[in-house]
Amino acid sequence: MAGKIVVIDAGHGGSDSGCRHGALCEKHLTLPMAKYAAAELSAEGATVLMTRREDTYPSLDARCELANKNKADFFISIHINSPGKG
């Protein structure tokens, strides 16, 4: 991964909670996953940029601009889907 630029997008954030199950929100799961992935990729030599490091909501355009402006080799967007009611 040395020399590669990776943008990691922790899905949702801020006022956009993503899918929910009771008090559990997608945005609270994607951020720690993104931070873990960032640490692992950095340890492998990648330059890692994150679309958010806190409970904020960067616009979809801002997320893409970050990757495009930095000529990212990879864009990883982390989401968790809900199976719905069944």
Side-chain angles (χ1 to χ4, degrees):
M1 292 301 296
K4 299 295 182 188
I5 299 171
V6 181
V7 172
I8 300 179
D9 175 43
H12 304 283
S15 62
D16 181 1
S17 65
C19 69
R20 297 180 68 103
H21 180 74
L24 188 60
C25 298
E26 180 178 2
K27 71 177 185 173
H28 293 140
L29 298 174
T30 60
L31 187 56
M33 293 170 136
K35 289 179 178 181
Y36 178 83
E40 292 293 312
L41 289 165
S42 291
E44 292 295 323
T47 298
V48 179
L49 305 170
M50 293 183 63
T51 59
R52 67 183 185 97
R53 294 183 177 277
E54 299 175 341
D55 187 17
T56 58
Y57 182 81
S59 70
L60 298 178
D61 285 342
R63 295 170 198 242
C64 293
E65 284 176 20
L66 178 67
N68 292 331
K69 180 178 78 171
N70 290 283
K71 297 182 175 25
D73 296 293
F74 301 97
F75 184 96
I76 300 169
S77 186
I78 299 173
H79 288 268
I80 301 165
N81 294 329
S82 169
K85 297 185 183 206

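The neighbour count for Met33 CE, taken as heavy atoms of other residues, nucleotides or ligands under 6.0 Å away, does not exceed 12.
Lys4 NZ to Asp73 CG: the interatomic distance, rounded to the nearest 0.5 Å, is 4.5 Å. Rounding to the nearest 0.5 Å places CD1 of Ile80 at 13.5 Å from NZ of Lys27. In this structure, OG in Ser59 is found 12.0 Å from CG in Asp16, a value given to the nearest 0.5 Å. Separating the OG1 atom in Thr51 from the CG atom in Leu31 is a distance of 9.0 Å, to the nearest 0.5 Å. The CD1 atom of Ile78 lies 11.5 Å from the NE2 atom of His12; values are rounded to the nearest 0.5 Å.
The main-chain N or O of Arg53 is found under 3.5 Å from a side-chain atom of Lys35 such that the two form a donor-acceptor pair. Under a 3.5 Å cut-off, the side chain of Asp55 and the backbone N or O of Gly14 do form a donor-acceptor pair.
No single ILVMFWY cluster, assembled from side-chain heavy atoms under 4.5 Å apart, contains both Ile8 and Tyr36.
Between Cys25 and Arg20, the closest heavy-atom pair is SG-NH1, 3.2 Å. Shown here for Met50 and Ala38, the closest heavy-atom pair between the two residues is SD-CB, 3.8 Å.
Annotation for Ile5: hydrophobic cluster partners, listed by chain and number, are Val7, Leu49, Leu66, Phe75 (ILVMFWY side-chain heavy atoms under 4.5 Å, direct or chained). Other members of the hydrophobic cluster containing Tyr57, listed by chain and number, are Leu60; membership follows side-chain contacts under 4.5 Å among ILVMFWY residues, whether direct or relayed.
Residues Asn70 and Thr47 form no side-chain contact, since every pair of their non-hydrogen atoms from C-beta on lies 4.5 Å or further apart.
Legend: residues meeting ring-ring contact (aromatic ring centres under 6.0 Å, His included) with His28, ordered by chain and number and at least two apart, are absent.
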Practice prompt. Assess whether side-chain contact (heavy atoms from CB on, under 4.5 Å) is satisfied between Arg52 and Thr30, documenting all intermediate values.
Written response: CA-CA 11 Å; Arg52 67 183 185 97; Thr30 60; 3.4 Å; yes
